[in-house]
Amino acid sequence: MKGLELAKKYYETYGRRLIFEQFSEIADQAAAGLVGYGSECFGFDDAISADHDYGPSFCIWLPRETYRQYGKEMQAAYDALPKEFMGFSGRVEEEQGKGRVGVLCLEDFYLEILGRDSAPETAAAWFAVSEAALATATNGAVFEDPCGIFTGIREGLLAYYPREVWLKKLAESLAKAAQAGQYNYARAMKRGERIAAELALTEFVKEAMQIVYLLNKKYAPFYKWMHRGMKELAVGSEIGDMLSLLYQIPDPAAAWEGVAPADYLYHLNTDDGRVLVIEAVCNVLVQTLNEMGLSGRQDNFLQNHVAEVLGMNMG
């Protein structure tokens, strides 16, 4: 059973009664759900994930003043809940996983993840928060929130970046993807600098995935879940499968043997299968930019679309 489903069933069986019967005087101030760090909050957990920080559990978020008054008492009541549930043993926490579930201060929950306890209000404030942090603060599910404070902050974050911030982030990732995949990968391979080439390839993959998330207006999660999360995106999800091909192509070193410094300046080394996949990914990205009205150019060099994205859409 997925951790999020288990958390909801555990809450419905024990948590709701804890809040509304044992702490009825503050029930209207308590939000409950499962949000935050951990693959189970994203719905990405599997059998491997169950080796740590997995088990019947949920979060209760209380506003700071209410938490100061009732936090310890409510936590003790939470700790007294049955540890085993539906055949699952109690949650086993690693040291770095402590404090992710149970009774939490609402403001401190957001403060720890985002570095602030409210949604950003300016472009500078949005840029100051990492995208992985925004994904972490808005994942999972809220089971109950009669007061609406927790959900209000959450909805402010889920409203996504202001247009100016979104376009600048998109332009930045387009430039980085072009530089890494369409420019530096080939140059590094010509020089025989394999580590540099692998780094360029990895940077291209990361930025290509980032572009897809931006086009979907979804926050990209921590890097190890970015590719997994693409399967659930509406726009450009096929790019995830295309990127997987890059790691199935046999060693392309032979395609670059005997290449002179001036070779492949204005055309592609199509003997390297990775080059073909990179260009195919860029073709799909450009097509999507065109379809969304974000660029009017047809060529597939992503750098050439940066000015288009900014110039056509910032007004």
Out of curiosity, [X] [atom1] to [Y] [atom2], how far, rounded to the nearest 0.5 Å?
{"X": "Glu172", "Y": "Leu167", "atom1": "CD", "atom2": "CG", "result": "13.0 Å"}
{"X": "Ser295", "Y": "Gln287", "atom1": "OG", "atom2": "CD", "result": "12.5 Å"}
{"X": "Asp45", "Y": "Lys2", "atom1": "CG", "atom2": "NZ", "result": "4.5 Å"}
{"X": "Arg68", "Y": "Cys105", "atom1": "CZ", "atom2": "SG", "result": "7.5 Å"}
{"X": "Asp117", "Y": "Asp108", "atom1": "CG", "atom2": "CG", "result": "8.0 Å"}

Note to self: So does Asp79 get a backbone contact from the side chain of Lys83, meaning a donor-acceptor N/O pair under 3.5 Å?
What the structure shows: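 At least one qualifying donor-acceptor pair exists.
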Check: Does Leu111 offer a backbone N or O that forms a donor-acceptor pair with the side chain of Arg116 under 3.5 Å?
Finding: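 No.
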Note to self: When you group the ILVMFWY residues by side-chain heavy-atom contacts below 4.5 Å and let the links chain together, are Phe20 and Ile60 in the same group?
What the structure shows: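 Hydrophobic grouping puts Ile60 with Phe20.
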Check: Is there a chain of hydrophobic side chains (I, L, V, M, F, W, Y, each step under 4.5 Å between heavy atoms) that links Tyr183 to Leu302?
Finding: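 As far as the 4.5 Å side-chain criterion goes, Leu302 and Tyr183 are not connected within one cluster.
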Notebook entry, point to check: Passes side chain to side chain donor-acceptor pair (under 3.5 Å), Glu131 versus Gln210? Steps please.
Noted result: CA-CA 10 Å; Glu131 189 156 348; Gln210 179 70 56; 2.7 Å; yes
Checklist line | Pair Asn139-Tyr219, side-chain donor/acceptor within less than 3.5 Å | finding: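 Per modelled atom types, Asn139 and Tyr219 side chains form no pair under 3.5 Å.
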Check: Phe58 and Tyr78: ring pair (Phe, Tyr, Trp, His ring centres under 6.0 Å), yes or no, with the steps?
Finding: CA-CA 10 Å; Phe58 55 87; Tyr78 177 92; 5.1 Å; yes
Check: Does some side-chain heavy atom of Met189 sit less than 4.5 Å from a side-chain heavy atom of Pro252?
Finding: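 With C-beta onward as the side chain, the pair touches.
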Check: Any side-chain heavy-atom pair from Phe150 and Pro63 closer than 4.5 angstrom?
Finding: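 Not touching, per the 4.5 Å side-chain cut-off.
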Notebook entry, point to check: For the residue pair Tyr14 and Tyr10, does the interplanar ring angle fall in the parallel (under 30°), tilted (30 to 60°) or perpendicular (over 60°) class?
Noted result: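 Geometry flag for Tyr10 against Tyr14: perpendicular rings.
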Next item on the list: Tell me who clusters with Leu265, hydrophobic residues only, linked when side chains sit under 4.5 Å apart either directly or through other members.
Entry: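 Its cluster mates, by chain and number, are Tyr266.
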Item checked: ring pair (Phe, Tyr, Trp, His ring centres under 6.0 Å) between Trp61 and Tyr110, worked out -> CA-CA 10 Å; Trp61 298 282; Tyr110 283 112; 8.0 Å; no
Note to self: Do Lys217 and Trp166 form a cation-pi contact, if we require the NZ or CZ to be under 6.0 Å from the six-membered ring centre and within 45 degrees of the ring's axis?
What the structure shows: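 Yes, Lys217 sits over the ring of Trp166.
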